[in-house]
K.L.:
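My questions all concern the structure below.
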Protein chains: 2
Amino acid sequence: MSRFLANTQNPVDKKGRVSVPAAFRTVLGGQNELYTMLSISGPTVEAGGPQLIQAAEARLGQMDPFSEEYEVWSYYIHGDSNMLKIDGDGRITLGEEIREHTGIDDKVAFVGRGHFFQMWEPGKFKIYQKETRMKALELRQRLGKSGGGIAGKRGH
Amino acid sequence: MSRFLANTQNPVDKKGRVSVPAAFRTVLGGQNELYTMLSISGPTVEAGGPQLIQAAEARLGQMDPFSEEYEVWSYYIHGDSNMLKIDGDGRITLGEEIREHTGIDDKVAFVGRGHFFQMWEPGKFKIYQKETRMKALELRQRLGKSGGGIAGKRGH
DNA sequence: TGGGTTCATTTGGGCGTCAATGGATTCAGT
DNA sequence: ACTGAATCCATTGACGCCCAAATGAACCCA
């Protein structure tokens with residue numbers, strides 16, 4: 001029951017390699033392949049083990065093969081995705097597509113999201129982080145006093 | 001049925017370690033992992049055993065996966081959180097993110113909150129404590145009119 | 001009740017292991 | 001043979017793990 005948690009930042013070397021945080025590699029469980037897909041909602045890439053693509057395909061399977069949504073989703077999970085190899089030292093090399101979509105240059109912010117994780121250009125991540133925390137605060141206020149933080153489930 | 005109670009202050013050593021109060025460790029029940037999340041509402045960190053994340057995820061599970069609130073909450077509980085190891089002597093090491101968010105430097109105030117506890121920079125905690133006591137007083141006066149003693153403040 | 005004693009938590013530090021990082025070397029495709 | 005990629009190696013530094021001293025609190029007994 002391990003998940004991708006926390007966020008850290010690692011440098012990209014001259015050869016374009018980045019270390020995937022050890023904690024994340026542990027969650028991946030010895031897998032030396034990393035499945036990635038460009039995010040639709042922002043300049044980030046979502047990544048995880050092969051089961052990620054399985055989940056995506058499961059969803060695809062529930063759609064009508066002749067619908068537009070099928071067409072779109074199918075492209076999304078296959079065409080805008082990649083299978084990156086994790087080398088012996090736990091590093092990956094990001095392709096041009098990913099760097100372009102995310103704006104990643106010489107640093108990568110790894111962000112845990114539970115069953116997958118994201119890779120961001122640190123600056124863009126900072127902005128996202130700030131906005132999201134603000135939204136969380138609003139959300140909490142909307143939900144009322146009973147909704148804050150962990151304390152939210154005050155029903156003890 | 002033990003809870004996190006009272007507040008104490010412990011020093012951070014050169015290597016960045018702090019002892020988690022023994023009473024708190026007892027409540028954690030032998031777990032050597034501490035789940036933490038940055039608070040949205042203040043410069044503090046909320047912590048507890050792994051069941052905390054389960055509770056948070058349970059709540060996540062009730063949300064619409066495509067809603068913004070899901071996105072926000074998911075970030076909050078996964079991206080701004082950490083799983084800290086408690087060493088053999090009951091100490092933890094706070095990461096850079098936590099120190100930055102809380103302002104913690106060489107001292108940590110541990111504050112019991114029932115089913116979880118908080119970690120504060122002592123000075124900030126003092127302020128929070130003062131404000132909160134004041135609010136509690138107002139609250140009590142308001143509630144006093146309608147009736148209950150100490151127990152009276154239970155309901156929402 | 002005062003004093004001494006024991007036990008437990010806290011705290012400081014040493015040391016080995018693993019992760020992260022930079023660079024060299026081998027390999028493969030063109 | 002040349003370019004880019006996949007492997008392999010070596011260095012550095014952080015972190016986990018262990019032991020020991022120091023601090024303090026609970027306890028017992030005279």
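Naming: A, B, ... by sequence-line order, numbering from 1 per chain. In this text, all values refer to a predicted model and were calculated from it rather than measured experimentally.
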K.L.:
Keeping the roles fixed (side chain from Thr36(B), backbone from Glu46(B)), state whether a donor-acceptor pair exists under 3.5 Å.
P.N.:
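Not at all, since once roles are kept as given, no pair shorter than 3.5 Å links the two residues.
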K.L.:
Do the side chains of Arg91(B) and Asp89(B) get close enough for a salt bridge, i.e. N-O under 4.0 angstrom?
P.N.:
yes
K.L.:
Please report the distance, rounded to the nearest Å, between CD1 in Ile92(B) and C1' in dT11(C).
P.N.:
15 Å
K.L.:
I'd like a list of close polar pairs between nucleotides 22-26 of chain D and the protein, N/O only, cut-off under 3.5 Å.
P.N.:
none

K.L.:
Report the distance from atom OH of Tyr75(B) to atom CD of Gln129(A), rounding to the nearest 0.5 Å.
P.N.:
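Here the interatomic distance stands at 3.5 Å.
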K.L.:
Within this structure, what is the CZ-to-C1' distance between Arg25(A) and dT21(C), rounded to whole angstrom?
P.N.:
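One finds 12 Å between C1' of dT21(C) and CZ of Arg25(A), rounded.
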K.L.:
Kindly say whether Leu94(B) contributes a backbone atom to a donor-acceptor pair with the side chain of Arg99(B) at under 3.5 angstrom?
P.N.:
yes
K.L.:
If the plane angle is over 60° it's perpendicular, under 30° parallel, otherwise tilted; pick one for Phe117(B) and Phe24(B).
P.N.:
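Phe117(B) vs Phe24(B) ring planes: tilted.
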K.L.:
Mind calculating the distance between CD (Gln9(A)) and P (dA20(C)) to the nearest angstrom?
P.N.:
14 Å
K.L.:
Can you tell me if Thr44(A) uses its side chain to pair, donor with acceptor, with the backbone of Met119(A) under 3.5 Å?
P.N.:
yes
K.L.:
Is there a chain of hydrophobic side chains (I, L, V, M, F, W, Y, each step under 4.5 Å between heavy atoms) that links Val12(A) to Leu34(A)?
P.N.:
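Linked within one cluster.
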K.L.:
In whole Å, I'd like the distance from the CZ atom of Phe24(B) to the C1' atom of dT9(C).
P.N.:
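Spelled out: CZ on Phe24(B) to C1' on dT9(C) is 15 Å.
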K.L.:
How would you summarise protein contacts on nucleotides 6-19 of chain D per nucleotide, using B for base, S for sugar-phosphate only and - for none, with heavy-atom distances below 4.0 Å?
P.N.:
BBBB------BBBB
K.L.:
Is the side chain of Trp73(B) donor-acceptor paired with the backbone N or O of Ala56(B) at a distance under 3.5 Å, no angle test?
P.N.:
yes
K.L.:
Looking for any heavy atom pair under 4.0 Å, which part of the strands does Val18(B) touch: base, sugar-phosphate only, or nothing?
P.N.:
nothing
